[in-house]
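Here is the structure we will look at.
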Amino acid sequence: MIEAASIVSLLLVFGIATVLPVNMGVLALTAALLLGAASGLSSEDVFALVPGQVFVLVVGITLLFGIARVNGTMALFLRVSLRLVGHRRWAVPWLVFLVAGVLMSFGFVLAVGVLAPMAMSLAGRYRIRPLLMAMMVSHGALAASLSPVTVYAAFTRQVGDKAGVDVGSGRMFAACFLANLVFAAVIYLLWGRELRVPLPRTTVPAPASAEHTTVTDGTAGATALPAPDARPRPRGGPGARTRTQPELLVDEAQPSSSGTTAPVAPGPAADTAQDGPVILRALTLLAVVGLVAGAALGVDVGVMALVESVLLLLLSPRRHAEGFKDIGWSVLLLISGMLTLMAVLTSNGTVDFVAEAAGGLPSPGLAILLVLLIAAVLSAVGSSVATIGIALPLALPLLGDGTMSAAGVVIAISTCSLIVDVSPFSTNGALVLTNAQVDDRRRFQNQMLAYTAVVCAVAPLLLWTVLETVG
C-alpha cells in the first residue's frame, strides 16, 4: 500500500537525518522521486512541485545579509548596540535578546551564530549565569523567527497556502514573539534577579565602545558551526577573552595595573571589511529597512532582496563577492526537499489517510495537543523546518468541526516547532554550547537539556490552551 510506504519513507528520512550528518533535503527529494514513481507521477511531475519561490527567497535574503556582513554593516550595528549597555549589568541579557531579535526579524538566519561568541563572553565579563545568557540569545532570535521576511515564515505560509489556509504574517510574528518573550521573562526572573546588584567598582567591565571593542566577522556559510573545543574553558571575569570563532571575534578589554580595564588594540584577525566606505554601509542599511517596509506592503521579499543584493554587488563587486559564501544552500535544499516530499504525499493520498486515522480520536482538540507535543519533541532533536512540513499537513485535516481556527493551529505548530530550538541538538543550541565559558561543559549541556525538556512540555500546553480559549 502506497500510504504505508510513504509513512515509512517519511520516518526514515527524519530518522536518518537526525542520526547521521546527512542533509534531510537530499533524502526528502530522493524519497519524493521514488514515491512519485511508485504513485504514477513522472519525474517531470515531481520537479514541477519544487518551490521556485523559496529558492529566490533564501538566496536573496542570505546574500543580502552576507553583503551586510562583508562591508561591515553588521559589525557597526553590534558595536553601537554594545555602547548602550555601559555598566548596566541587568540590561545585558535584554540587550542580547533584542539585538538577536532585530537581526532575525530582518531575515538574518545567522543571528545566533554571530551573537553567540559575544554574548557568552559578555556573560563572563558581567558575571551573568551562562545558561541565562545562552537562553536569552536563543529566545531573542527565535522570537523573531516568524518575521514576514524569514525563511521559516515563508515556509509556513507556503504550506498553509497549499492547504487553503490564509495565515496572517502579523499574527504569526506576534504569537511567536510573545511565546518566546514569556519564556525569556520567566528565566530572567528566576536567574537574573541578582543582576540588579552592580559589580564592585574594581571588577566592573569597561563600557564597550568602538575604540576598544573590535567585532570581526568570518566567512562561515549558513550552516557552518564553530569547531567544538573539548577542553574546559575558564570562567569569564574582568578581562575574559573569547576564543576565535568563524562568525565573530571580540577583542575585549584587559585588566590594567590599576585594577580597572583598559582598551586592547585590535589584533591581526581584525576584519578589514569594517574600513569599507560609509556609503556602502548606508546603502546596505537602507536596503534592509526597505526590505522590511516592502514586506509590510506585500511586496515579494525574495525578489526585492535579490534585486537589492545585485545592486550592491554592482556597486562594489570585489568587496561584496565574499557575501556569496553566506548563501544558505543547505537550508534551501532542506526546505525545497521537504516541500516537494510533502507535496508528493498529498498527491498520493497519504496525508488524507493519516488524517482519517487521527480522526478516530475522541476530540480534535486532543489530537491537536498530541501533534503539538510530538512536533516539539521532534524539532528539539531534528529539523524545525522538517517538523513544520510534516506536522501541518497532518494537523489541518483534523479541524473539520471548526472548533479551532485553522490559521491558529498553523501558527501554534510553527511556534512550537521553533521555540524548542534552544536544544543543544539544534544549530542555535550548539552555537551557544560551543561558546559557553564554563568549567564543566557536560554539566552545562545537561542544564540546556533539562531546560529544553521544560520547554517541550510547557510550550505545547501553553499554545494549546490559547487555542482552546481563543478558538
Side-chain angles (χ1 to χ4, degrees), residues 10-11 13-15 17-18 24-25 28 54 104 109 111-112 135 138-148 150-160 162-163 165 167 169 171-183 331 334-335 337-339 341-342 351 354 367-396 398 404 406-430 451-467:
L10 184 62
L11 294 176
V13 166
F14 197 91
T18 301
M24 190 179 294
V54 172
M104 180 65 85
V109 294
V112 174
M135 297 303 105
S138 295
H139 278 303
L142 295 171
S145 57
L146 287 180
S147 161
T150 64
V151 294
Y152 304 108
F155 182 79
T156 301
R157 286 195 302 269
Q158 183 123 0
V159 175
K162 288 186 176 181
V165 179
V167 183
S169 297
R171 287 187 298 168
M172 187 162 56
F173 174 68
C176 191
F177 183 86
L178 289 175
N180 281 277
L181 181 62
V182 166
F183 278 92
V331 176
L334 170 63
I335 294 176
M338 287 306 304
L339 280 175
L341 177 58
M342 294 312 299
V351 172
V354 174
I368 295 299
L369 175 59
L370 181 62
V371 171
L372 289 171
L373 288 168
I374 293 174
V377 174
L378 289 180
S379 185
V381 299
S383 165
S384 300
V385 171
T387 302
I388 294 172
I390 294 171
L392 286 182
L394 300 181
L396 292 177
L398 303 175
M404 284 187 177
V409 170
V410 171
I411 293 171
I413 291 176
S414 300
T415 301
C416 195
S417 300
L418 289 166
I419 198 172
V420 296
D421 270 359
V422 296
S423 164
F425 300 122
S426 69
T427 301
N428 290 344
Y451 178 74
T452 302
V454 172
V455 175
C456 286
V458 174
L461 289 172
L462 177 63
L463 293 166
W464 179 77
T465 302
V466 173
L467 280 174

Side-chain heavy atoms of T415 within contact of I411, under 4.5 Å: yes
side-chain contact (heavy atoms from CB on, under 4.5 Å) partners of L392, counting only residues at least two apart: T156, V159, I388, V410, I413, S414
A143: partners by side-chain contact (heavy atoms from CB on, under 4.5 Å), with sequence neighbours left out: F97, F177, N180
Non-hydrogen atoms of G389 and P393 that approach each other most closely: O-CD, 3.0 Å
Residues forming a ring pair (Phe, Tyr, Trp, His ring centres under 6.0 Å) with F14, sequence neighbours excluded: none
Donor-acceptor pair, side chain of S145 and main chain of L142, under 3.5 angstrom: yes
side-chain contact (heavy atoms from CB on, under 4.5 Å) partners of V458, counting only residues at least two apart: F183, V454
Close side-chain approach of V112 and M104, heavy atoms under 4.5 Å: no
For A380, all residues meeting side-chain contact (heavy atoms from CB on, under 4.5 Å), sequence neighbours excluded: V420, S423, T452, C456
Distance-minimising heavy-atom pair for V13 and A28: CG1-N, 4.0 Å
Over all atoms of both residues, closest heavy-atom pair of S169 and R157: OG-NH1, 3.6 Å
Rounded distance (nearest 0.5 Å) linking atom CG of L10 with atom CE of M338: 6.0 Å
Check: I419 and C176 side chains under 4.5 Å, non-hydrogen atoms: no
Contacts of type side chain to side chain donor-acceptor pair (under 3.5 Å), residue D421, not counting sequence neighbours: S384
Donor-acceptor pair, side chain of S147 and main chain of T150, under 3.5 angstrom: no
Check: L372 and I368 side chains under 4.5 Å, non-hydrogen atoms: yes
Taking every non-hydrogen atom, the tightest pair across L369 and P460: CD1-O, 4.2 Å
